Amino acid sequence: MKTREITLISDLEKNDLRRVKRKILRFYHSFGRDLPWRKTDNPYHILVSEFMLQQTQVSRAIEHYEQFIKKLPDFESLVKVRTPLLLKLWSGLGYNSRALRLRAAARVIVKNHGGKFPEDADMLKKLPGIGEYTSAAILAFAFNKPVPVIDINIRRVLLHEFGIDNSVSNEELSFIAQRMIPRGKSALWHNALMDYGAALSAEIKKLYPPLTKQSKFRGSRREARGYILRILLKKKALSKQELLQMISHREKEKIFAQLKAESFISVKNGLVRLK
DNA sequence: TTCCCGTCCA
DNA sequence: TGGACGGGAA
């Protein structure tokens, strides 16, 4: 690993780094996207946007971001929000656990950090729903810290521009990514990288497939879960029998139990509702 | 039908 | 380390 890093970096001429850097910055200057969460460095807003952007296209996050921020404008409101409204604001984004984790993370920040937003990757990664990527993204976009942010698109840019083999890990890649960040311009630079990466052709993207693969959605438990939550969003409360009658999945009992265990739903007086 | 996107947990 | 976790658009 160590030797590999060094080999990787020494293979890259300084000129290559400079050339690629210039190209990406020029691209951003001409074609950079004007996204709602780029108008702010409010850590709360950045936190919300980054949770939304996990496994979710920009176009879809845009549609939900404004409304979410409007209804839940700060940590205090997010910490207090009830699950039904939270899930309503999230609905359509997918991966609903992210919404619960976002609220849980906000609660930890308010309680344990006294509302002072953690500005350290290790502290951020201890929060629910925040992993390697999101911690780096928050530090770069909210605090302009010179940390390498590597999502799948940025990974593609680096691999492709430098002709690096797809077997290289993000950890190894981070040594190069780190060196490319212009002094004092981490947020701008990573916006540029992301826009450049998003604009890569489908052919190039196919050369660097996602690190994780998805099982089918049609007929899946995931689909049934989403459906159950949407029913409860609409009907407020109904009996378990009524609810499960509307579901055709053969594992619906298990799925129901799991949603309960994850605190999406609760049962009181024989009525099921969003928790 | 395939594509697009990180985090968590066993 | 591999599987679970959404849902709209192409």
Side-chain angles (χ1 to χ4, degrees), chain A residues 33 35 37 46-65 68 86-105 108 121-141 147-157 167 169-171 173-174 190 193-195 197-233 247 249 251-252 254-265:
Chain A
R33 295 171 294 184
L35 305 175
W37 44 86
I46 302 294
L47 181 75
V48 170
S49 70
E50 287 303 336
F51 265 77
M52 287 184 172
L53 289 163
Q54 291 169 2
Q55 292 286 281
T56 302
Q57 295 99 318
V58 165
S59 57
R60 210 158 0 144
I62 290 174
E63 296 167 4
H64 291 78
Y65 174 81
F68 193 99
L86 179 62
L87 292 182
K88 180 176 173 230
L89 293 171
W90 203 263
S91 122
L93 280 168
Y95 294 116
N96 299 296
S97 299
R98 289 182 297 167
L100 302 189
R101 290 179 188 147
L102 174 59
R103 183 177 59 187
V108 174
D122 289 324
M123 286 204 292
L124 283 171
K125 278 191 278 188
K126 287 197 181 83
L127 299 175
I130 299 185
E132 192 61 44
Y133 163 77
T134 305
S135 64
I138 289 168
L139 292 176
F141 294 128
V147 296
V149 182
I150 306 182
D151 69 352
I152 183 62
N153 276 320
I154 292 179
R155 175 182 168 83
R156 284 170 175 141
V157 172
S167 66
S169 71
N170 281 354
E171 196 185 349
L173 215 47
S174 71
H190 286 105
L193 269 179
M194 288 191 166
D195 289 0
L200 287 176
S201 71
E203 292 72 43
I204 292 175
K205 288 187 184 184
K206 260 189 290 197
L207 295 176
Y208 313 100
L211 278 7
T212 55
K213 46 186 173 298
Q214 274 292 334
S215 53
K216 285 233 179 315
F217 178 60
R218 289 289 161 218
S220 70
R221 295 173 59 127
R222 298 203 312 287
E223 183 181 40
R225 280 166 61 96
Y227 186 47
I228 289 174
L229 294 185
R230 264 177 279 133
I231 290 171
L232 290 170
L233 229 28
I247 312 299
H249 200 286
E251 292 181 280
K252 56 190 179 186
K254 258 186 206 146
I255 294 169
F256 181 88
Q258 192 181 333
L259 285 171
K260 207 172 142 200
E262 290 175 59
S263 282
F264 278 108
I265 59 180

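Order of the sequence lines sets the chain letters (A, B, ...), proteins ahead of strands, with each chain counted from 1. Quick caveat, the model's predicted, so the values are computed rather than measured.
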Rounding to a whole Å, what distance do you find between [X]:[atom1] and [N]:[atom2]?
{"X": "A/Met52", "N": "B/dC5", "atom1": "CE", "atom2": "P", "result": "17 Å"}
{"X": "A/Glu63", "N": "B/dC5", "atom1": "CD", "atom2": "C1'", "result": "15 Å"}
{"X": "A/Leu102", "N": "B/dT7", "atom1": "CG", "atom2": "C1'", "result": "14 Å"}
{"X": "A/Asn170", "N": "B/dT7", "atom1": "CG", "atom2": "P", "result": "11 Å"}
{"X": "A/Lys213", "N": "B/dG6", "atom1": "NZ", "atom2": "P", "result": "16 Å"}
{"X": "A/Ile152", "N": "B/dC3", "atom1": "CD1", "atom2": "P", "result": "14 Å"}
{"X": "A/Lys126", "N": "B/dT7", "atom1": "NZ", "atom2": "C1'", "result": "17 Å"}
{"X": "A/Ile204", "N": "B/dC3", "atom1": "CD1", "atom2": "C1'", "result": "17 Å"}

Just to verify, what does [X] make a side chain to side chain donor-acceptor pair (under 3.5 Å) with, not counting sequence neighbours?
{"X": "A/Asp151", "value": "none"}
{"X": "A/Thr134", "value": "A/Gln54"}
{"X": "A/Ser215", "value": "A/Arg222"}

Could you pull out the protein-nucleic contacts involving nucleotides 8-10 of chain B (nitrogen or oxygen on both sides, under 3.5 Å)?
| from | atom 1 | to | atom 2 | distance (Å) |
| --- | --- | --- | --- | --- |
| B/dC8 | OP1 | A/Gly129 | N | 2.4 |
| B/dC8 | OP1 | A/Ile130 | N | 3.3 |

First of A/Tyr133 and A/Ala202 reached from the 5' end of DNA chain B, by closest nucleotide: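 It is A/Ala202, whose closest nucleotide lies nearer the 5' terminus.
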Nearest-nucleotide 5' precedence on DNA chain B, A/Tyr95 against A/Lys206: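 The 5'-side residue here is A/Lys206.
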Within residues 214-222 of chain A: residues closer than 4.0 Å to DNA chain C (heavy atoms):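 Going residue by residue through residues 214-222 of chain A, the ones with a heavy atom under 4.0 Å of DNA chain C turn out to be A/Gln214, A/Phe217, A/Arg221, A/Arg222.
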Just jot down the salt bridge (Lys or Arg N to Asp or Glu O under 4.0 Å) partners of [X], sequence neighbours excluded, or say none.
{"X": "A/Arg221", "result": "A/Glu251"}
{"X": "A/Glu132", "result": "A/Lys125"}
{"X": "A/Glu262", "result": "A/Arg225"}

Nucleotides bounding contact with chain A, strand DNA chain C, heavy-atom threshold 4.0 Å: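 For DNA chain C, the relevant span reads C/dC5 to C/dG8.
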Distance in Å, A/Ile46 CD1 paired with A/Trp37 CH2, rounded so as to fall on 0.5 Å steps: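 With rounding to 0.5 Å, CD1 (A/Ile46) is 10.0 Å from CH2 (A/Trp37).
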Distance in Å, A/Met194 CE paired with A/Asn153 CG, rounded so as to fall on 0.5 Å steps: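 Spacing of CE (A/Met194) from CG (A/Asn153) equals 8.0 Å.
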Counterpart residues, ring pair (Phe, Tyr, Trp, His ring centres under 6.0 Å), relative to A/Tyr95 (two or more places apart):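 A/Tyr95 satisfies ring pair (Phe, Tyr, Trp, His ring centres under 6.0 Å) with no other residue.
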For A/Trp90, all residues meeting ring pair (Phe, Tyr, Trp, His ring centres under 6.0 Å), sequence neighbours excluded: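 Per chain and number, A/Trp90 pairs via ring pair (Phe, Tyr, Trp, His ring centres under 6.0 Å) with no residue.
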Tell me what [X] touches on the nucleic acid: a base, only sugar-phosphate, or nothing, going by heavy atoms under 4.0 Å.
{"X": "A/Gln258", "value": "sugar-phosphate"}
{"X": "A/Ser59", "value": "nothing"}
{"X": "A/Arg230", "value": "sugar-phosphate"}

Distance-only donor-acceptor test (3.5 Å): side chain A/Gln54, base B/dG6: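 No such pair is found, so the answer is no.
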Residue pairs, two or more places apart or on separate chains, that pass salt bridge (charged side-chain N to carboxylate O under 4.0 Å, His left out) and touch residues 89-102 of chain A: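 Listed once each, the pairs would be none.
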Candidates A/Val149, A/Leu124, A/Val147 - the one meeting side chain to side chain contact (heavy atoms under 4.5 Å, CB included) with A/Ile138: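 Among the candidates, only A/Leu124 passes.
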